[in-house]
Undergrad: 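To start, I am sharing the structure in question, which I have written as structure tokens.
Hydrogens, waters and symmetry mates play no part in the numbers below; they use all other heavy atoms, side chains included. Remember, predicted model here, so these are calculated numbers, not experimental data. Numbers for residues simply follow the sequence, beginning at 1. Order of appearance sets the numbers: ligands from 1, and atoms from 1 within every ligand.
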Amino acid sequence: MSLFLGLDSSTQGLKAEIIDIDAGTIIDSASVNFGKDLPEYNCPSGYLDNPDPLLKHADPLMWAAALDLVLSRLQKQNAPLDKVAGISGSGQQHGSVYLNDKFTKIISELDSEKNLSEQLAPALSRKTSPIWMDRATSEECRELQEKFGERLQEDTGSPAIERFTGPQIRKFMKEDKAAYTNTKHVHLVSSFMASILAGTNSTIDFGDGAGMNLLNLKTLDWDKEITEFTATGLLAKLPSAASSDTIAGKLSKYYSKYGLKTGTPVAVWSGDNPCSLIGTGAAEPGVAVISLGTSDTFFAAMRNFKTDPHGYGHVFGNPAGGFMSLICFSNGSLAREAIKEDCDVEWEYFDSLPENKTTAGNDGKLMLPYFSTESTPVVLNPEVKYNFCADKADSETKIRCLLESQALSMRLHSSWMGETFTRIRITGGASNCTPFLQILADVFQAQIEKIAITDSAGLGAALRAANAVAKVPFYKLFEQFTASKEIILPNPDNKAVYDDALKEYENLEK
Ligand code: XUL
């Protein structure tokens, strides 16, 4: 039995998947929801309440507490943790953790009698962590853009982006110089979690590192000039950048209390989207992935390095080598939840649209679903707009309007990738919503492939652990774990309807 553990530290919780690569199965899973299971950290939806809607921070100690809790849950389930041969993980991207000079010593001497949260508290040089939903760095983005112009996007894969880590670090330095100076290490969520497992400072992988506006994708190293301008002395505070199959270290003896073997290799963690690329078996160019989560993302392995001329899309490292393209739509499930509330229906209603009142194209009804700030296109003052009188519309019309508008936005903003995708793999919480899958198939005229697991980031992390530790090639792991379980074919009769709707949607957005 060769077992590997994948951990997925996402916006709203932490999940764990144990895979058996001999049997090709997931043998145990457990999860923690930050809001429900750790209410003492005051992050009901994964972030702290703040009167400024642009500010979205979380308590990093909550992420550590969730690690204790998820491992204790696996132990209670009698998961064979003693047989785990390698561990890796996935972190929500862009979020950053600020640590002082006590951090390295604390993680190297973790005491099993105490919990992680209480031991790590004295190591924080900043009590809260900005996460990917934060949009409070427009000024810093302007400054970076003014200084570096097009080079920023050409070399780091993205123009200055509000949620990216570089602008966030710059803002912290400007606002609290003393705390910044007191910061010895700046980690991403991914490298912070890997560090507390390995008991030593983990490197940052190219997948997640590319979401910082700091990594030069041509040299695959921190861009010295950009890093120094972003924040004085930042280079010395960053862990080194490394490929995704690097071993971050050996599991600290702290975790023997859960039955894990001390010294088990911990592979460097990556971002949730790069991990999902692996967990959906889409590491080769030609297949796109749509991940329907809190935010929706559209991504694919890249054939040739290219950047989005409109500046919305990003280039990240592909954990299997090379690069991946990605576009993030912040109003994913956030918008679906808002419309669900508005229509006062259950998710089952979305899953079947039972009243059959609407058809493809919805008679031209479209919306801009900016319930909260949006990253594609950038919307900092959120407002929902319809091209019809939505007040009088029935639930099915409103729901179809949202789902079609979301699908059209994905098609519009993925065109820079320059590929006509005929296969799209689907993952994430909403991937059981059959009407949405048919809309996506018809809008893209592509076959939509459902895979067995919805936590593709956690599975991807476990597969990455097997690849990094046991050197199992990804193609073999994909054969075992990521076969599609259902295919939704496009209806060619709906092509013209959605080609027209796309033009309409583009106009509305303009
Ligand atoms: C990607 C992005 C989000 C987060 C949250 O750029 O901001 O997808 O990774 O999961």
Side-chain angles (χ1 to χ4, degrees), residues 7-15 34 43 45-47 54 56-58 63 89-96 129-137 141 153 156-168 188-193 204-215 269-280 289-300 307-308 311-319 323-335 372-379 406 410 413-414 427-430 454-458 460-461:
L7 295 156
D8 168 20
S9 182
S10 70
T11 315
Q12 308 210 20
L14 177 65
K15 291 188 188 137
F34 298 142
C43 294
S45 304
Y47 52 87
L54 298 181
K56 293 277 189 291
H57 284 212
W63 301 328
S90 152
Q92 54 171 312
Q93 294 199 251
H94 318 299
S96 42
S129 290
I131 64 164
W132 66 275
M133 296 171 90
D134 192 284
R135 299 284 180 274
T137 61
C141 287
Q153 184 178 20
T156 72
S158 306
I161 300 286
E162 280 80 0
R163 69 187 190 282
F164 276 34
T165 326
Q168 292 288 347
L188 289 179
V189 178
S190 59
S191 61
F192 169 68
M193 296 298 283
I204 288 180
D205 91 307
F206 302 145
D208 214 10
M212 300 174 80
N213 274 146
L214 297 173
L215 187 73
W269 284 38
S270 188
D272 53 358
N273 294 296
C275 284
S276 278
L277 189 77
I278 300 298
T280 52
V289 180
I290 292 177
S291 171
L292 301 169
T294 310
S295 65
D296 290 342
T297 50
F298 185 106
F299 51 87
T307 54
D308 177 4
Y312 301 133
H314 313 297
V315 184
F316 296 151
N318 174 348
F323 298 101
M324 63 182 282
S325 49
L326 177 134
I327 321 157
C328 176
F329 303 88
S330 308
N331 284 278
S333 291
L334 279 173
S372 66
T373 57
E374 179 51 68
S375 30
T376 310
V378 177
V379 177
Q406 287 186 320
M410 285 184 203
H413 293 291
S414 59
T427 178
T454 47
D455 179 22
S456 55

Undergrad: Measuring from the heavy atoms of Cys328, does anything fall under 4.0 Å of ligand 1?
TA: yes
Undergrad: Would you say that Met410 contacts Ile327 through its side chain, given a criterion of any heavy-atom pair below 4.5 Å between the two side chains?
TA: no
Undergrad: Provide, to 0.1 Å, the distance between atom 10 (O) of ligand 1 and the closest protein heavy atom, together with that atom's residue and name.
TA: Asp272 OD2, 2.3 Å
Undergrad: Anything under 30° is parallel, anything over 60° is perpendicular, the rest tilted; go ahead and classify His413 against Tyr312.
TA: perpendicular
Undergrad: Under the side-chain hydrogen bond (donor to acceptor under 3.5 Å, both in side chains) test against Asp205, which residue among Ser270, Ser191, Ser190 passes?
TA: Ser270
Undergrad: Do the side chains of Ser129 and Trp63 get nearer than 4.5 Å, heavy atoms only?
TA: yes
Undergrad: To the closest 0.5 Å, what do you measure between NZ (Lys15) and OG (Ser90)?
TA: 10.0 Å
Undergrad: Show me which atoms of ligand 1 lie under 4.0 Å from any heavy atom of Leu326.
TA: 1 (C), 6 (O)
Undergrad: Give the single entry among His314, Gln93, His94 that approaches atom 6 (O) of ligand 1 most closely by any heavy atom.
TA: His94
Undergrad: Who's closest to atom 4 (C) of ligand 1 heavy-atom-wise, of Trp132, Phe329, Phe316?
TA: Trp132
Undergrad: Between the side chains of Ser330 and Arg163, does any donor sit under 3.5 Å from an acceptor?
TA: no
Undergrad: Using a 4.0 Å heavy-atom cut-off, which part of Thr294 comes near ligand 1: side chain, backbone, both, or neither?
TA: neither
Undergrad: Say whether Asp208 and Gln93, considering side chains only, have a donor N or O and an acceptor N or O under 3.5 Å apart.
TA: yes
Undergrad: Report the nearest protein non-hydrogen atom to atom 8 (O) of ligand 1: residue, atom name, distance rounded to 0.1 Å.
TA: Asn273 ND2, 3.1 Å
Undergrad: Out of all atoms in ligand 1, which are within 4.0 Å of some heavy atom of Thr297? Include the element for each.
TA: 8 (O)
Undergrad: Which atoms of ligand 1 have any heavy atom of Ser295 under 4.0 Å away?
TA: 3 (C), 8 (O)
Undergrad: Identify which of Arg163, Gln92, Gln12, Met133 has a heavy atom lying nearest to atom 7 (O) of ligand 1.
TA: Arg163
